Amino acid sequence: MSVVSVPEQTAAQPGAARRTGRRPVRTLALNIAAVLIGLAAWSLLSVVGVQGLPGPLTVAERAGELIADGTLATDVLASLRRVLLGFVLGTALAVPVGFLMGWYTTARGLLEPYVQFFRTIPPLAIIPLAIVLLGIGEVPKVFVIFLAAFLSSVVAAFQGVVDVDRTLINAARVLGASDRTIFAKVVVPASLPFILVGMRIGLGSAWGTLVAAELIAAQEGLGFRMQQAQLYYDLPTIFVGLISIGVLGLAMDRLLLFAGRRLTSWQETR
Amino acid sequence: MTPKISFRDVVKSFPVKGGSFTALNGASLDIADEEFVTVVGPSGCGKSTLLSMAAGLVEPTAGEVLVDGEHVRGPGPDRGVIFQQYALFPWLTVRKNVEFGLRLADLPPGERTRRAEHAIELVGLTEFADALPKTLSGGMKQRCAIARAYAVDPAVLLMDEPFGALDALTRVQLQDQLLRTWSQDRRTVLFITHDVDEAVYLARRVVVMAARPGRIHTVIDVDLPYPRTEEIRLSPEFGRIRNEVWHSVYHQAAPLPT
Ligand SMILES: Nc1ncnc2c1ncn2[C@@H]1O[C@H](COP(=O)(O)OP(=O)(O)OP(=O)(O)O)[C@@H](O)[C@H]1O
Ligand SMILES: [Mg+2]
């Protein structure tokens with residue numbers, strides 16, 4: 001290090017203060033143990049207890065069959081396509097609408113009653129209406145998922161804009177920034193953490209709405225498959241469906257979380 | 001000669017529930033071009049409000065604020081502001097923060113880089129040019145904010161307790177540095193502080209404000225030569241002025257009935 005006039009070495013300790021998501025080995029070991037114990041308990045229950053409950057092996061066998069004949073892949077792809085389409089459309093609309101509501105009081109006044117009202121209606125309750133109005137094709141399914149994603153992320157985007165630190169906006173103004181520049185260079189990046197949280201919530205509700213949406217006369221999809229299985233009392237298939245939904249949901253959530261951490265690594269905390 | 005900044009019977013009141021609160025009640029002050037003026041006064045006496053009006057971030061309720069003889073209409077890059085809170089953009093590195101105003105000024109990239117580097121060097125942050133604010137200490141953040149204001153080369157510097165959160169050593173270093181750059185570039189500086197020593201050390205005139213209602217209590221001339229040095233800081237004359245300022249800050253006449 002060359003000569004510096006002010007003692008700053010004390011302050012900048014790169015890495016030292018950073019608490020990245022590196023989990024201690026102990027926690028990981030406990031996580032694995034918990035999963036194993038869960039599987040064991042499940043096996044035990046299926047052997048001694050609950051009538052008709054398939055054990056992990058039976059379910060794994062069924063999963064193997066469903067993978068082999070391509071059903072699982074078809075269902076997963078169909079479900080993912082609906083969720084991603086609904087989610088992408090929902091957040092793509094939620095971000096600008098949230099920004100509008102946060103930035104212009106007029107827009108807020110006009111839009112907020114609708115957003116707040118529709119937020120109180122569970123998206124699933126829209127299904128009957130969606131079927132009547134949009135028929136039984138892909139559109140109503142994607143629409144319900146879209147609505148779920150939109151409503152949960154619009155509020156986050158809106159809140160993000162409202163909460164932008166006034167001094168940051170003033171700092172940009174005194175440097176000569178126009179309203180447009182302030183919006184693009186200050187408001188958008190400053191509210192990014194909120195938007196990402198909103199997107200995660202949105203993805204959660206999109207995924208949560210999937211199965212019900214697929215009850216609308218679907219030909220394929222995880223929700224459809226489980227409903228079929230229910231008709232034939234095919235518990236292993238239902239389990240395969242449940243586990244797939246859980247694993248995929250978790251994977252997508254982690255992906256979004258990871259992307260979010262990268263994008264907002266400038267934040268002071270975390 | 002027209003003063004650089006001029007406050008004329010400035011009143012500022014804020015709406016509060018059940019009426020309005022007068023933060024500043026008829027303040028008048030002229031600041032000459034290239035003058036260094038500091039403002040001291042008890043908390044809540046309207047120091048930041050006064051500065052925000054010169055910056056164009058707050059409009060006076062009555063009276064007028066002029067810069068170069070013209071009404072202030074909103075903020076502009078001719079008046080650099082250093083905020084009481086650092087107000088760095090946390091998602092930008094030190095360099096990008098400093099370049100923020102330069103980008104808005106549409107400078108050619110080469111010139112932009114050069115001026116940013118110069119400003120960063122001036123505050124001694126060259127080694128941390130690519131660091132994010134979260135990895136900087138309070139003093140380094142403050143120096144980055146100073147560099148960001150310097151970079152656009154404003155004719156007026158408005159500084160709101162810029163060294164308030166710093167340790168004594170860093171504070172003295174930044175004071176000397178500020179005086180050095182000021183004597184080179186001769187900007188007009190309006191500098192708020194709650195530190196009487198700092199107020200006297202830096203300024204040609206110290207404005208003492210009083211609270212309830214916020215107003216300018218008195219203005220004290222500091223007849224000490226520049227460059228200010230450690231010797232001056234320890235001189236009896238410095239001590240005398242310091243006491244005078246101290247006295248008018250802490251033994252103000254009873255507040256006017258409102
Ligand atoms: N936006 C506002 N709305 C209502 N009251 C305000 C507003 N801004 C400032 N005030 C009031 O005006 C008074 C002066 O505020 P100002 O921030 O100028 O004080 P200050 O002298 O800078 O104080 P400090 O030394 O604590 O920074 C305070 O009593 C404050 O409560
Ligand atoms: Mg203040």
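Below, chain A is the first sequence line, B the second, and so on; all start at residue 1. The structure displayed is predicted, hence computed values, not measured ones.
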S.K.: Around atom CZ of B/F14, are there more than 12 heavy atoms from other residues, nucleotides or ligands closer than 6.0 Å?
M.R.: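 Count over threshold, so yes.
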S.K.: Looking at B/Q84, B/R148, B/Q85, which has the largest count of heavy-atom pairs under 4.5 Å with chain A?
M.R.: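 Counting heavy-atom pairs under 4.5 Å, the top option is B/R148.
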S.K.: State whether the number of non-hydrogen atoms from other residues, nucleotides or ligands found under 6.0 Å of B/Q184 atom CD is greater than 12.
M.R.: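 Above 12, so yes.
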S.K.: Who among B/P90, B/G139, B/A149 has the most heavy-atom pairs with chain A under 4.5 Å?
M.R.: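 Of the options given, most contacts go to B/P90.
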S.K.: Is the count of non-hydrogen atoms from other residues, nucleotides or ligands lying under 6.0 Å from B/Y226 atom OH greater than 12?
M.R.: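 Yes - once you tally the heavy atoms of other residues, nucleotides and ligands closer than 6.0 Å, there are more than 12.
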S.K.: Step through the shown structure and confirm whether more than 12 heavy atoms of other residues, nucleotides or ligands are within 6.0 Å of CD on B/E121.
M.R.: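 Check fails, neighbour count at 12 or below.
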S.K.: May I ask you to list the residues in residues 93-109 of chain B that approach chain A closer than 4.5 angstrom, counting heavy atoms only, ordered by number?
M.R.: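 Interface residues of residues 93-109 of chain B: B/F100, B/G101, B/L104.
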S.K.: For B/K134 and A/Q267, which heavy atoms make the closest approach, and how far apart are they?
M.R.: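 Taking B/K134 first and A/Q267 second, the nearest heavy atoms are CD-O, 3.3 Å.
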S.K.: Which bit of B/F83 comes within less than 4.5 Å of chain A, counting heavy atoms only: side chain, backbone, both or neither?
M.R.: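 Contact with chain A is through the side chain of B/F83 alone.
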S.K.: Is it true that atom CD of B/E59 has more than 12 heavy atoms of other residues, nucleotides or ligands lying nearer than 6.0 Å?
M.R.: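 Check fails, neighbour count at 12 or below.
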S.K.: How about residues 166-194 of chain A versus chain B: which residues have heavy atoms under 4.5 Å apart?
M.R.: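 When heavy atoms of chain B are the reference, residues 166-194 of chain A contributes A/T167, A/L168, A/N170, A/A171, A/A172, A/R173, A/V174, A/L175, A/G176, A/A177, A/T181, A/K185, A/V186, A/P189, A/A190 within the under-4.5 Å range.
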